[in-house]
*Asks:* 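Here it is: the structure, laid out below.
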Number of protein chains: 2
Amino acid sequence: MSQERNTEEQIIAAAKKIFSAKGLAGARMQDIADEAGINKAMLHYYYRSKEKLFEMVFNEALDRLLQRLSNAINTNLPLTEKIREIVRSYIEGLMENPHVPLFVLNELQQQPELLIKQFRSKPSFPNIQQFLMEIAVAGEKGLIKKVSPIQLMLNILSMCVFPFVAKPLVKGVTGIDEVQFKLLVEERKQFVADFILTAIQP
Amino acid sequence: MSQERNTEEQIIAAAKKIFSAKGLAGARMQDIADEAGINKAMLHYYYRSKEKLFEMVFNEALDRLLQRLSNAINTNLPLTEKIREIVRSYIEGLMENPHVPLFVLNELQQQPELLIKQFRSKPSFPNIQQFLMEIAVAGEKGLIKKVSPIQLMLNILSMCVFPFVAKPLVKGVTGIDEVQFKLLVEERKQFVADFILTAIQP
DNA sequence: GTCTATAGCTGGATAGAC
DNA sequence: GTCTATCCAGCTATAGAC
C-alpha cells in the first residue's frame, strides 16, 4: 500500500521550501528530508539525485513565474486597464510566493542554461512580442505617450518584483517591520499602477 | 621580503569575483586560490576562514552599494534635478559592478543579520529619512505631486536596480544579446528619469 | 516503500618543511 | 610568506535489511 502520491508531493513541497530559502548549493538533502518528515534515502528513491530534484522544483517555480506573467499579459483589455490588471495580479501572485523571484533570478544568474530548458515545449512562455507591439500601437494611436516598449515593460516588472527581491534591505534601511512591509506591498498595487499610467499619459 | 599588500589585494579581488558569482555556499576556496594565482593555504594564512573572508568581501560590497546611494541622495540639488542625478549616477555605478546587487540581496535574504553589522559605525549608511522628508515637503509646496515618499523611493530604486538583478531573464525573454543589453541600460538613465518626473509632475 | 548503516568523495582547515 | 601533504567533517549517494 502506497503513499506514493502523498510522499512525492511532500518531498516536492519540502524541496521547494528549502531550495528557495537556501539555493541549490546551500540546501542540504537532510534539511529537505527533515522538512518532509521522511528519511534522506527516500529522496533518492523518488528522485535520483539532488540535481534532479532541484531541476524539478526550479522548473516549476520558473514556469509559474512566467505563467503568471503570461496570464496578465494576455488578458483581453484595453492597454491602460491591462497594465493596471498586470500590476495587481502580478503583485498579488508574488505576495503568495514572496521568495520565488529571488530564488529564480539567483539560480538563473549562475546557470543561464536553466532558462533554455523552459523554452522547449513550454506554452507558458510569455508572448512578449505581442505585448510590446500593443504598446507601440497604442503610442501611435495616441492612447498613451510614445515610449520604448521594452523600457516600459521593464519598468512595470521592476516596480512589481523589486520589493520582494530586496525585502531585507528595504526593511533594514527604512526600519519598518513585517506588518508594515505587508501593508506597503498591498498599497503598491494601486500606487504603481497610478504611477505608470500617469507617466505614460499622452 | 613581502608581497603582503599585493597578495592581500589579490585575494580580496579574487574572493570578490568568486563570491559574487557563486555566493557564499557555492564558492570554493580552491576557486578563489586559483583566481588569485596562489595556494589554498595562503587564504587561511591571511584570512582565518572562509566565513571571515566572505564577510570582508560582503561588507565592502554592501558598503559601496549604500555609499553610492548616500552620495546620490545627499547632493545639494532641487528635488527634481536630484532625482535625475540619483538615477544617472546609480545606474552608472551599477554598470561597473553589475553582479553586486544580486549578490548582496541574495546573501541578505539568507542572513539578514549581515545588514546589522553595517549599521554599527558606518557613516555610509544612507540618510533615508531626510530624503523622504524632502519628498514630503516638495509635495506640500506643490513642486511635485503629493505621493507616498517611501513608495516613490522604492520606485526609483526598483527601476535602476532591477534590470541588473534580472539580467539573464531579461535577455532570455526578449532575446537580446549582450551588446543590446548594454545599450538598453545606457538608455535607461534618461528613460527612467523622464518616466519618474512625468509621473510626479504636480 | 521505508528505514539504518555506511561507502566514497569533496572541501575547509592545519601541520610542517622550506 | 609560501608551498605540499594531510586530516577530518559533512555531504551525496547506495547497499541491504525489513
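So that the names make sense, note that chain A is the first sequence line, chain B the second, and so on, each numbered from 1. Values below: all heavy atoms of this structure, side chains included; hydrogens, waters and symmetry mates excluded.
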*Asks:* How many Å lie between OH on A:Tyr47 and C1' on D:dT12, as a whole number?
*Replies:* 18 Å

*Asks:* For residues 94-111 of chain A, dump all side-chain donor-acceptor pairs below 3.5 Å to protein atoms at least two apart in sequence or in another chain.
*Replies:*
| residue | atom | partner | partner atom | Å |
| --- | --- | --- | --- | --- |
| A:Glu107 | OE2 | A:Leu24 | N | 3.0 |

*Asks:* Rounded to whole angstrom units, what separation is found between the CD1 atom of B:Ile11 and the P atom of D:dC3?
*Replies:* 10 Å

*Asks:* Would you kindly give the CG-to-P distance between A:Asp34 and D:dT12, to the nearest whole Å?
*Replies:* 12 Å

*Asks:* Looking only at side-chain N and O atoms, does B:Thr7 come under 4.0 Å of OP1 or OP2 in D:dT2?
*Replies:* yes

*Asks:* Ignoring hydrogens and geometry beyond distance, is a side-chain donor-acceptor pair present between A:Gln30 and A:Asp34 at under 3.5 Å?
*Replies:* yes

*Asks:* Using atom types as modelled, flag every donor-acceptor pair under 3.5 Å from a side chain in residues 74-81 of chain A to any protein atom, sequence neighbours excluded.
*Replies:*
| residue | atom | partner | partner atom | Å |
| --- | --- | --- | --- | --- |
| A:Asn74 | ND2 | A:Ser70 | O | 3.2 |
| A:Thr75 | OG1 | A:Ala72 | O | 3.1 |

*Asks:* Rounded to whole Å, how long is the line connecting atom CE of B:Met42 with atom C1' of D:dA5?
*Replies:* 17 Å

*Asks:* Go through the structure and list residues passing side-chain contact (heavy atoms from CB on, under 4.5 Å) with A:Arg64, not counting sequence neighbours.
*Replies:* A:Glu60

*Asks:* Please, which pairs that meet side-chain hydrogen bond (donor to acceptor under 3.5 Å, both in side chains) have at least one residue in residues 157-176 of chain A, sequence neighbours excluded?
*Replies:* A:Lys167-A:Glu178, A:Lys171-A:Glu178

*Asks:* Give the B/S/- string for nucleotides 9-15 of chain C, one per nucleotide from 5' to 3', where a protein heavy atom under 4.0 Å of the base yields B, of only the sugar-phosphate yields S, and otherwise -.
*Replies:* --SBBB-

*Asks:* Can you tell me the distance, in whole Å, between the CD1 atom of B:Ile38 and the P atom of D:dT4?
*Replies:* 12 Å

*Asks:* Quick one: B:Tyr45 OH to D:dG1 P, roughly how many Å, whole number?
*Replies:* 4 Å

*Asks:* Does any pair with a residue in residues 155-175 of chain A pass ring-ring contact (aromatic ring centres under 6.0 Å, His included), and if so which ones, sequence neighbours excluded?
*Replies:* none

*Asks:* Between atom CG in A:Asn6 and atom P in C:dG1, what is the gap in whole Å?
*Replies:* 12 Å

*Asks:* With a 4.0 Å limit, can you tell me whether A:Tyr46 has a side-chain N or O closer than that to the phosphate oxygens OP1/OP2 of C:dT2?
*Replies:* yes

